[in-house]
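First up is the structure itself, then whatever we jot down about it.
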Amino acid sequence: MTQEQPIAVLGGGSFGTAVANLLAENGHSVRQWMRDPQQAEAIRLNRENPRYLKGIKILPGVTAVTDLPATIAGSSLIFVALPSSALRSVLARHADQLTGKMLVSLTKGIEAQSFKLMSEILEEVAPGARIGVLSGPNLAREIAEHALTATVVASADEALCERVQAVLHGRTFRVYASSDRFGVELGGALKNVYAIIAGMAVALGMGENTKSMLITRALAEMTRFAVSQGANPMTFLGLAGVGDLIVTCSSPKSRNYQVGFALGEGLSLEDAVSRLGEVAEGVNTLKVLKAKAQELQVYMPLVAGLHAILFEGRTLNQVIELLMRAEPKTDVDFISTSGFN
Ligand SMILES: NC(=O)C1=CN([C@@H]2O[C@H](COP(=O)(O)OP(=O)(O)OC[C@H]3O[C@@H](n4cnc5c(N)ncnc54)[C@H](O)[C@@H]3O)[C@@H](O)[C@H]2O)C=CC1
Ligand SMILES: O=C(CO)COP(=O)(O)O
């Protein structure tokens, strides 16, 4: 019997660890690459990630490794769970090894200067690779603790979607397929910004009406932006759109929500981010999104409001006053202007 090649997961953080464990649970041999040799050694010895997902046992099928060229060479399917700020630089060094491989981005961010999504960076770095993204309401700790969870794999490459479904589907994890890679990936990146706002609202003791208004108007705003980029608004009604928006805006387990909550408690942005000690992609996404919306003249009052508080010295009360007094608008305007029915 031929032995299956190991599957690679790049990234030693919460999500890489959760996905590596899921794959191992389904009987696959997994190489989880991380840059920190001490962390890899600790996982080999204690079967637990010393820094992320504490208390979760890492299954024997997961091997923590630090040799990236060997990890890439040994796998035809590679999941990338690196922060958006690191993805390009880590993979560009090994571009010549990536031809023909299936690369699936788990990263929910946008590159600072270029405004590129992670799969677009992968395409640039590895033009000969087969590319997909995985996105949905997927809090790492809940996946690791076997909460029933669903996600979306998106790619124009149907065989890639089928392979990802085959390796990840399990007792507690369901994978839906989509051909709208752009919409699925954009949804995952944009919702992080609104989770910061939602966390802030909770810290400030705002009511349930307010939370519902925020989430719903956030969906309108992110869909409006996506439509301006040529995306299909229907994707935003799926798991990777409204699904991920709901979980990230309602859960104290979300790191972006935690940053917002800390801001609402009165911490500075710098202190909020350093208290977290993990990646909160929404902070960078906010900066690039505000600039892009302005350039494209897309109306995004929540993004503009959060940006004004964090980077332009406005107070929360000033921003709330502006938002509530803005001229009356129609409710689901983003659908009627899109050209989609
Ligand atoms: N944690 C979650 O619940 C989910 C996270 N994601 C996304 O996955 C991506 C990664 O997030 P997490 O694993 O949660 O982050 P994390 O903060 O838990 O871990 C980040 C990991 O990346 C490593 N890293 C940072 N810079 C690096 C570099 N230059 N080279 C190599 N490794 C580097 C860190 O050492 C750490 O192991 C983010 O884009 C996030 O939005 C997506 C879905 C769920
Ligand atoms: O993307 C996530 C859930 O789907 C995780 O969100 P945070 O990065 O805010 O923890």
Side-chain angles (χ1 to χ4, degrees), residues 9-22 32-40 42-43 49-54 56 64-68 71 79-94 104-111 117-119 121 133-145 147 149-153 168 173 184-185 187-199 239-262 272-274 276-286:
V9 176
L10 310 186
S14 327
F15 204 44
T17 303
V19 170
N21 241 10
L22 264 187
Q32 187 185 359
W33 174 82
M34 55 203 72
R35 64 177 169 174
D36 180 355
Q38 283 180 339
Q39 187 188 12
I43 292 175
N49 192 323
R51 175 137 188 229
Y52 303 97
L53 296 186
K54 289 217 179 85
I56 299 292
V65 295
T66 51
D67 183 340
L68 185 52
T71 309
F79 290 95
V80 185
L82 295 163
S84 63
S85 54
L87 183 138
R88 184 190 286 277
S89 63
V90 170
L91 287 173
R93 280 178 243 140
H94 307 282
V104 181
S105 168
L106 311 178
T107 302
K108 292 174 173 172
I110 301 177
E111 191 175 43
L117 295 171
M118 299 303 113
S119 69
I121 298 176
V133 303
L134 192 88
S135 193
N138 296 159
L139 294 166
R141 177 162 287 278
E142 292 204 353
I143 290 175
E145 289 172 347
T149 298
T151 197
V152 182
V153 59
L168 275 177
F173 197 74
V184 164
E185 196 171 16
L190 297 189
K191 58 84 192 176
N192 287 328
V193 172
Y194 303 104
I196 298 176
I197 304 178
L239 288 162
V242 68
D244 203 2
L245 183 69
I246 290 173
V247 81
T248 322
C249 288
S250 0
S251 173
K253 292 175 193 150
S254 150
R255 286 88 41 92
N256 288 287
Y257 175 105
Q258 286 171 37
V259 166
F261 194 91
V273 168
S274 80
L276 179 70
E278 293 186 28
V279 171
E281 296 273 9
V283 177
N284 284 327
T285 304
L286 172 65

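Remember, it's 1-based here, ligands and their atoms both numbered in the order they're listed.
- Every atom of ligand 2 with a heavy atom of Lys108 under 4.0 Å away is listed here by number and element: 1 (O), 2 (C), 3 (C), 4 (O).
- Heavy-atom proximity to atom 22 (O) of ligand 1, evaluated over Ser85, Ala140, Pro83, Ala18, is greatest for Pro83.
- When heavy-atom distances to ligand 2 are checked against a 4.0 Å cut-off, Thr248 comes that close only through its side chain, counted from C-beta outward.
- Residue contacts with ligand 2 for Lys191 involve side-chain atoms from C-beta outward but no N, CA, C or O (heavy atoms, distance under 4.0 Å).
- Contacts of Arg255 with ligand 1, taken as heavy-atom pairs under 4.0 Å, involve the side chain alone.
- Ligand-side atoms of ligand 1 in range of Trp33: 31 (C), range being under 4.0 angstrom from any heavy atom.
- Close approach of ligand 1 to Gly12 (heavy-atom distance below 4.0 Å) involves ligand atoms 37 (O).
- Closest to atom 29 (N) of ligand 1 among all protein heavy atoms lies Ala86 CB, 3.3 Å.
- Heavy atoms of Asp36 found under 4.0 angstrom from ligand 1: none, in either backbone or side chain.
- In terms of protein heavy-atom proximity, atom 12 (P) of ligand 1 is closest to Phe15 N, 3.8 Å.
- Heavy atoms of Met34 come nearer than 4.0 angstrom to ligand 1 in no pair at all.
- Shortest contact from atom 9 (C) of ligand 1 to any protein heavy atom: Leu82 O, 3.9 Å.
- Listed by number with element, the atoms of ligand 1 under 4.0 angstrom from any heavy atom of Glu278 are 17 (O), 18 (O).
- The backbone of Ala81, and not its side chain, has at least one atom closer than 4.0 Å to an atom of ligand 1 (non-hydrogen atoms only; backbone = N, CA, C, O).
- Scanning the protein heavy atoms around atom 7 (C) of ligand 1, the nearest turns out to be Leu106 O, 3.5 Å.
- Checking side-chain atoms of Thr107 against main-chain N and O of Leu82 turns up a donor-acceptor pair under 3.5 Å.
- Distances between N or O atoms of Gly13 and those of ligand 1 include at least one value under 3.5 Å.
- For Pro137, every heavy-atom contact with ligand 2 shorter than 4.0 Å involves the backbone, none the side chain.
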